[in-house]
Chemist: 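There's a structure below that I have some questions on.
All figures in this text were calculated on a predicted structure; none of them were measured in a lab.
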Amino acid sequence: MIRGLDQQLDAEVAMLSRALRPDGTLDRARIVDLPVFEEAGRGWGWKVESSRGRWTGGDAIGSGVPRPEHGPKDRHGPSHTGAIPREGVTDAGEPVHTRTLIVPTRAGDVAVVAGGPRRIATSPLREAMLPLLGSLAILGLGLALATMAQLHFGLRPLRTLRAALADVRAGRARHVPEDQPAELAPLAVELNALVDQNKTQLEHARRHVANLAHGLKTPLAALSVKLAEGGRDPDHSLRTMVADLDNRVRHHLGRARSAAPGGRHHVRTVLVPAVDALAAVMRGVHADRTIDLTIDIAPDMAVTADPQDLDEMLGNLFDNGWRHAASKVRISARRIGATIEVAIEDDGSGLSEQLIEEALVPGRRLDERGDGHGFGLPIVQELAELHGGSLRLGRSDLGGLRTTLVLLSCADER
């Protein structure tokens, strides 16, 4: 559009330059304005400046239009008539596009300027840009929606694979489906291989424990026979110890069988009788200490755990609390969803956060005064995890340590 405006202005500049006299004055009789220059107020105008005077027509163009020799370099270059484009304003302040031609005369150079409203060039561009910008906005929105849809549907196989892996972890499935998209099929194969490898290693470990227990049964049986001979065990204390060892071997054999594939079963163990029995044992073992024991457990609370495992877990926690308490030990239980949390608290000195982390490291003894070996809490943690639970250590409101044993509630096991 600027080219068409330049052509109109060049025509006016050529007509004005022909109306110049040799003495640098303007012969108005020879001026024939183009139609657009005849209507005032539309931004069209011209002017002629020389040392002999100044002549104008149409809307007055301000004096801010520079002469070519002082103005900025024209990036388009002069037209075929020699006129150079410039930007200016009318006296009314409207932006105009001008063409300036310098005509040499005997009286000196004469500047011939013709200008037209710049909106003629910019309005069509603006009118064209609005639909273009609207189209680009709609296109951008469409592309954004398409990208979101592509991500949603493109990542669906990953979400499906994640759900399948969660099923394997929860025991609801043995493997993840391998009928995945081509990009995910190798990952599914590797995951299944990892699951099988872990299962094989676990079976080897369980078989090793079972073999070890079996290996101990024969020597224990022989020892029991020897002790039964006359005079070898008059008070039967040694046979009692051998029987206890035999029971422990049988217990670990049973655990190995129950942990084997297809052999797992759930045992319902009521908490209150187990806790009462352990409390009686603790009062006898620590008869030299006066401890105020508080038990807050509902009579019908039962957990999914082997009774002997439960005794071993609670016994370790009871013994720790009893040995480190100043005068109080509290045991309580509450049902949280599908689990039961058994908390054993004391009013002793407790443990710092750093020592709490160290307490679960096998063999790390935090109290060198006793005869322990630092394996009690790690054993409790391992047994709890074998039964699908966990062990947490924290600060009790009694002032000492709070150990929380989390086990599956039997009410949620069918």
Chemist: Just by distance, with hydrogens left out, do Asp347 and Ser396 show a side-chain donor and acceptor under 3.5 Å apart?
Modeler: no
Chemist: Between Asn316 and Glu312, is there a side-chain heavy-atom distance shorter than 4.5 Å?
Modeler: yes
Chemist: Could you tell me the separation between the CG atom of Leu405 and the CG atom of Leu383, rounded to the nearest 0.5 Å?
Modeler: 9.5 Å
Chemist: Can you confirm whether His97 sits close enough to Leu9 that some side-chain heavy atom of one is under 4.5 Å from a side-chain heavy atom of the other?
Modeler: yes
Chemist: Do the side chains of Ile295 and Asp276 get nearer than 4.5 Å, heavy atoms only?
Modeler: yes
Chemist: Between Ile291 and His286, is a side chain to side chain contact (heavy atoms under 4.5 Å, CB included) present by the stated rule, with each step listed?
Modeler: CA-CA 9 Å; Ile291 298 296; His286 301 283; over 6 Å; no
Chemist: Is there a side-chain contact between Leu401 and His324 (heavy atoms, below 4.5 Å)?
Modeler: no
Chemist: Could you check whether Asp6 pairs with Arg99 (Lys NZ or Arg NE/NH1/NH2 to Asp/Glu carboxylate O, under 4.0 Å)?
Modeler: yes
Chemist: Do Ile31 and Trp46 come within less than 4.5 Å of each other through their side chains, counting heavy atoms only?
Modeler: yes
Chemist: Roughly how far apart are Thr269 OG1 and Gln308 CD, rounded to 0.5 Å?
Modeler: 11.0 Å
Chemist: Is Arg335 salt-bridged to Asp300, going by a charged N under 4.0 Å from an acidic O?
Modeler: no
Chemist: So among Leu187, Asn192, Thr160, Val189, which one has a side-chain contact (heavy atoms from CB on, under 4.5 Å) with Val176?
Modeler: Asn192
Chemist: Rounded to the nearest 0.5 Å, what separation is found between the CG atom of Leu293 and the CG atom of Asp346?
Modeler: 12.0 Å
Chemist: For Arg334, does the CZ atom have more than 12 heavy-atom neighbours from other residues, nucleotides or ligands under 6.0 Å away?
Modeler: no
Chemist: When rounded to the nearest 0.5 angstrom, what is the spacing between CG in Asp397 and CD in Glu345?
Modeler: 5.5 Å
